[in-house]
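Here's the structure, in C-alpha cells; my notes come after.
Computed from a prediction, not measured in an experiment: that's the story for all the values here.
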Amino acid sequence: MRAALVREPGAALEPASAAPAYVVGPGALARLDVSPRRNPLILALWIVGGGFVLLGIVLYCISVTSSYSGPTPSSDVGSLVFAQLGWMLAGPLITVGLLTLVGLLFLNALAGRRAPVEASPDDEL
C-alpha cells in the first residue's frame, strides 16, 4: 500500500545529524476509490468528459454543414448565430472533454499501481 510521509506535529527539533521523525500514513491516492461502480463522482466525470467530446463533434459537424451548404439568407439570423456558436464552442468542448478523459485515465493508472489490499482472515467468512 502506498503511503505518504507526514511529520509528527509534536516532534521535538533534533540536531541536524539525527534523522527527522516521520509517521507513515495513507496518502490521498490510497484513500481514493476510482472505480466508477463505487464512486458516483468518477462515473459522472467519465460521462461528462465523453459527453463534451461528443457534443463538440456534433456542434462542429452542424456548423460546417450549415455554413457550407449554400448561401444563407440574411433574414435567417437564427441559423447564422447557431453556426457561429457552434464554431465558437466546439473546440473548447472537445478540448475539455479530452483533458477530462486523459486525466481520469492517468488517475486510474496511478491508482492501479498501488498494491492490492490484503483481506484479513475475518473478512473471508
Side-chain angles (χ1 to χ4, degrees):
M1 191 155 122
R2 297 192 77 144
L5 297 177
V6 180
R7 186 170 174 88
E8 282 185 300
L13 294 176
E14 298 177 11
S17 62
Y22 288 99
V23 175
V24 177
L29 190 59
R31 294 187 310 259
L32 180 64
D33 187 13
V34 294
S35 171
R37 293 181 183 162
R38 293 186 296 266
N39 191 342
L41 179 62
I42 299 294
L43 177 64
L45 284 173
W46 278 107
I47 292 171
V48 166
F52 276 1
V53 171
L54 185 64
L55 181 63
I57 291 171
V58 167
L59 275 176
Y60 180 79
C61 291
I62 290 173
S63 297
V64 166
T65 303
S66 67
S67 295
Y68 296 119
S69 63
T72 305
S74 60
S75 62
D76 190 11
V77 176
S79 98
L80 292 173
V81 170
F82 185 73
Q84 194 64 30
L85 282 174
W87 284 115
M88 183 180 70
L89 294 176
L93 280 172
I94 294 171
T95 303
V96 169
L98 286 176
L99 287 175
T100 302
L101 294 176
V102 168
L104 286 168
L105 185 66
F106 277 114
L107 186 65
N108 279 329
L110 287 175
R113 290 188 59 195
R114 64 181 177 201
V117 178
E118 295 180 17
S120 64
D122 296 336
D123 291 341
E124 294 177 359
L125 296 176

**Prompt:** Is V96 linked to M88 within one hydrophobic cluster, defined over Ile, Leu, Val, Met, Phe, Trp and Tyr using a side-chain heavy-atom separation of less than 4.5 Å?
**Reply:** yes

**Request:** For residues S66 and A83, report the shortest heavy-atom separation together with the two atoms involved.
**Result:** OG-CB, 3.4 Å

**Message:** If I take atom OG1 from residue T65 and atom OH from residue Y60, how far apart are they, to the nearest 0.5 angstrom?
**Reply:** 10.0 Å

**Request:** Kindly indicate whether the side chain of I62, heavy atoms from C-beta on, has any atom under 4.5 Å from the side chain of F82.
**Result:** yes

**Request:** Let me know which of L93, I94, L85 forms a side-chain contact (heavy atoms from CB on, under 4.5 Å) with L59.
**Result:** L93

**Asked** Does some side-chain heavy atom of L101 sit less than 4.5 Å from a side-chain heavy atom of V53?
**Response** yes

**Item:** Side-chain touch W87/V64, heavy atoms, less than 4.5 angstrom
**Value:** yes

**Prompt:** So which heavy atom on W46 is nearest to which on N108, and how close?
**Reply:** CZ2-ND2, 3.3 Å

**Asked** Can you hop from V58 to V48 via hydrophobic side chains spaced under 4.5 Å?
**Response** yes

